[in-house]
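Scroll down for the structure; my scribbles are underneath it.
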Amino acid sequence: MTTARIDARFAKLKAENRAGFVPYVMTGDPSRDEALEILKGLPAAGADLIELGLAFSDPMAEGPPIQRAALRGLKAGMTLRGTLDLVADFRKTDQDTPLILMGYLNPVESYGYEAFARDAAEAGVDGIIVVDCPPEEAGPLSAALDAAEVSLIRLATPTSDDDRLKVIAEGTSGFVYYVSVAGVTGVKEAVAAEVAPAVERVRRASGLPVAVGFGVRTPERAAEIARVADAVVAGSVFVNEVAAALEANEPAVPRVLAKVKALSDAVKAARASAPQNSDFLAETV
Amino acid sequence: MPQTVPQTVNALSNSYAWPDAEGRFGPYGGRFVPETLMPLIHELDAAYKAAKADPSFQAELDGYLEHYVGRASPLYFAERLTEHFGGAKIWLKREDLNHTGAHKINNCMGQILLARRMGKTRIIAETGAGQHGVASATVCARFGLPCTVYMGAVDVARQQPNVFRMKLLGAEVSAVTAGAATLKDAMNEAMRDWVTNVADTYYIIGTAAGPAPYPAMVRDFQSVIGKEIKAQAQRQIGRLPDAVMACIGGGSNAIGAMHPFIEDEGVRLIGVEAAGHGLDTPDHAASLKGGRSGVLHGNRTYLLQDADGQILEGHSISAGLDYPGVGPEHAWLHDLGRGEYLSTTDDEALEAFQTLCKLEGIIPALESSHALARAGDVARELGKGGDLVIVLSGRGDKDINTVAQHLGVEL
């Protein structure tokens, strides 16, 4: 399979000796047009990779912010097909930034694994994270994605011991997503001191770059994680900006992109300014 | 027993060994949960296997089922109901007479003993009608474990007596406002709690659905219903019944009643889904007859969903049946043709509810009333020489307000 765009991006990050920043935004949130504007603006705001959330009615690993974002996306009429079209439109303006979908299995299963893999590849999707599809259940989906050269990105978590990491690492490509807290998105805070050894274990087991997400909401926290991970993912903080913009009757796009820039700036500056002192890893919020 | 059997009804005999090692019933079942939960799912699977193989576990469970739950429940010959329909003899399996008033306690007792065995110190559960919540709160009180019950806010409003019961029993009832605020959303929220509190928390799922090993485990704990029916039928009828029928939401009372009979080819196994306002409307909860295969809440099964794979809200007058999925073993028995699946509308259930009150002096749960509503059809089909067992899964005291409201009576 080809993971060309993902591999090239992580190689570039390594050469620059910095962590990548991966903003997560929800498809169709708050509307298709605005979601497309957000996607188009992300690379300039500092996104090294992009995670695009697939809207699902029952997102069992999401906290309230992303649950609400998914409902907004669905209300705006977004479907899986519509999301692939959105990605295709984004690809007209950006050929280099890897784009990873993140969602739940049922809409993909409903679409059909082969059809989905083919259409996702055609739209310019580089990978997909399926939250409720562990390795034990991923065989048929993985085969379809392999055939279409789309990466199935796996999740590792604080509950993954070394034996489990072997299961997770087998057959994965691109990078591994480390879920830094046991819990749903956007509730608990990641603790860099706990994340560092976990990232190292996942790197060793998989031989792949490790992106860390769940529990990263502030520039300070993003910077801390950036010192120990290959990439930092944040999402709830951005969909919350959409919600706040709607509430204030303001345009959502600039608010989201400004927040993305704040976190990505912190990630980019993190290693340059890092004191090699563990005090820095202490809680800052 | 072999782990794979040919997928024909005839081949079922003496060879039904589902689920397989992956927790699958044919294409259904499985373990579709976030990675955080996978190690726990494997731990639970191993713990349940060990408990199942340990005679002292079964002995402990049997003791509580007899002396605390009040088992065995009677197999009662409903003489006037039989006369009313003029067909096969109708027998009611009286799960309504269990402690807490429904079959749910059978499963809760099994799972709380397992949770204790695993050293878990906190219990969570989801509930629709409140029956499983009450049963969970009950066993938690009995064993002194803190209990949080997730319940959709809409269900909290329409099942106030059960909410109060749970609180009396010391449980915390957490009203879920996400989505349509009913059972499916309560289950999402319970999963979110579980994924957040992985170390100390045991999740008592109330129906024979969810990630493996739950569907098989809940079935096993509920199979006490079918095993008793089998023994009682031999004693009271002198043979096996011609049909065993039960209502289906997730389908735990039905699978518990059916499973011991799966290899008895002469016994028809009939599940009755909630047709709500009718299968030709969007407002029903009949996943098997009105849905298609998909993945939700940890398993692959029949689901109510739209063309994009978004899950739809089930509707039923019964809060215990308005779930958009069904246990994966029912999905498999449906495809195999071993299970027959019928449906009952809200109005038919209300009528059956009143019929049983008047003819037998038994107030059935609205859930059970869905099975009772098909009694006439099936009894007449079986004919006078036949014997039909219907599981009366729960008592209807909790539904008095709902029924009064639908009959236009102010209480």
Side-chain angles (χ1 to χ4, degrees), chain A residues 54-64 67-68 70-71 74 77-83 103-112 116 129-140 154-161 163-164 167-168 176-179 181-185 187-188 214, chain B residues 21-24 27 29-43 45 176-180 184-201 210-212 292-301 303-313 324-325:
Chain A
L54 299 172
F56 183 48
S57 53
D58 294 80
M60 70 159 122
E62 312 300 343
Q67 289 174 40
R68 289 194 284 261
L71 291 178
L74 290 173
M78 197 43 83
T79 59
L80 184 50
R81 178 64 257 180
T83 301
Y104 293 79
L105 187 58
N106 198 54
V108 176
E109 181 151 318
S110 178
Y111 198 103
F116 169 77
I129 299 167
V130 187
V131 177
D132 57 349
C133 189
E136 283 84 342
E137 303 293 350
R154 294 260 165 89
L155 301 166
T157 81
T159 62
S160 312
D161 62 17
D163 285 344
R164 185 69 197 162
V167 175
I168 294 165
V176 177
Y177 186 129
Y178 181 69
V179 174
V181 297
V184 296
T185 48
V187 178
K188 288 183 185 171
F214 281 48
Chain B
E22 303 302 316
R24 298 199 187 100
R31 295 170 280 216
F32 295 89
V33 296
E35 181 57 39
T36 305
L37 289 177
M38 282 309 290
L40 279 90
I41 290 287
H42 286 298
E43 180 197 352
D45 197 43
V176 177
T177 53
K184 139 179 121 71
D185 310 290
M187 198 149 177
N188 288 333
E189 212 54 38
M191 288 275 186
R192 290 178 187 127
D193 181 313
W194 198 22
V195 90
T196 306
N197 300 291
V198 281
D200 63 344
T201 297
R292 62 191 171 89
S293 176
V295 172
L296 179 70
H297 293 154
N299 56 187
R300 180 178 285 117
T301 187
L303 300 172
L304 302 181
Q305 54 183 314
D306 70 11
D308 188 43
Q310 306 296 335
I311 308 303
L312 301 172
E313 302 293 339

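Atom set for the values below is all heavy atoms of this structure, side chains included, hydrogens, waters and symmetry mates excluded.
Looking at B/Ala307, only its backbone comes within 4.5 Å of chain A, counting heavy atoms on both sides. For a residue to count as touching a neighbouring chain, one of its non-hydrogen atoms must lie under 4.5 Å from one of that chain's; by this rule A/Pro158 does not touch chain B. Interface remark: B/Leu296 contributes side-chain atoms only to the contact with chain A (heavy atom separation under 4.5 Å). In this structure, the portions of A/Leu80 lying under 4.5 Å from any heavy atom of chain B include both its backbone and its side chain. Only the side chain of A/Glu109 comes within contact range of chain B, with at least one heavy atom under 4.5 Å from a heavy atom of that chain. Contact annotation for B/Leu312: neither backbone nor side-chain heavy atoms come within less than 4.5 Å of a heavy atom of chain A.
Salt-bridge annotation for A/Glu136 and B/Arg24: absent, with no side-chain N of the basic residue lying under 4.0 Å from a carboxylate O of the acidic one.
Among B/Asp193, B/Val195, B/Asn197, the residue making the largest number of heavy-atom pairs under 4.5 Å with chain A is B/Val195. Between chain A and the residues B/Leu303, B/Val295, B/Leu40, B/Asp306, the most heavy-atom pairs under 4.5 angstrom are made by B/Val295. With respect to chain B, the highest number of heavy-atom pairs below 4.5 Å among A/Pro135, A/Gly63, A/Gly183 belongs to A/Gly183. Of the listed residues (B/Met191, B/His297, B/Arg300, B/Arg192), the greatest number of heavy-atom pairs within a distance under 4.5 Å of chain A belongs to B/Arg192. Looking only at heavy-atom pairs under 4.5 Å with chain B, the residue among A/Val181, A/Ile168, A/Val179 that has the most is A/Ile168. Ranking A/Thr157, A/Val167, A/Asp161 against chain B, the residue ahead of the rest is A/Thr157, based on heavy-atom pairs under 4.5 Å. The residue among A/Leu105, A/Val131, A/Val108 with the most heavy atom pairs within less than 4.5 Å of chain B is A/Val131.
Of the possible donor and acceptor atoms, none in the side chain of A/Arg81 sits under 3.5 Å from a partner among the backbone N and O of B/Asp308. Proximity of a side-chain donor or acceptor of A/Asp132 to a complementary backbone N or O of B/Phe32 within less than 3.5 Å is not detected. With hydrogens and angles disregarded, a donor-acceptor distance shorter than 3.5 Å links the side chain of A/Thr159 to the backbone of B/Thr36. The backbone N or O of A/Ala55 sits less than 3.5 Å from a side-chain atom of B/Gln310, completing a donor-acceptor pair. Within the 3.5 Å criterion, the main-chain N or O of A/Met60 finds no donor-acceptor partner in the side chain of B/Asn188.
Listed by chain and number, the residues in a ring-ring contact (aromatic ring centres under 6.0 Å, His included) with A/Phe56 are A/Tyr104 (sequence neighbours excluded). Checked against side-chain hydrogen bond (donor to acceptor under 3.5 Å, both in side chains), B/Glu22 has the following partners two or more places apart in sequence or in another chain: B/Arg31.
Taken from CE in B/Met187 to CG in A/Asp58, the straight-line distance is 11.0 Å, to the nearest 0.5 Å. Residue A/Ile129 holds its CD1 atom at 12.5 Å from CD of B/Glu35, rounded to the nearest 0.5 Å.
Between A/Ser57 and B/Gln305 the shortest side-chain heavy-atom distance does not fall below 4.5 Å. By the 4.5 Å heavy-atom criterion applied to side chains, A/Val187 and B/Thr196 are not counted as neighbours.
When all heavy atoms of B/Arg292 and A/Ser110 are compared, the pair lying nearest together is NH2-OG, 2.9 Å.
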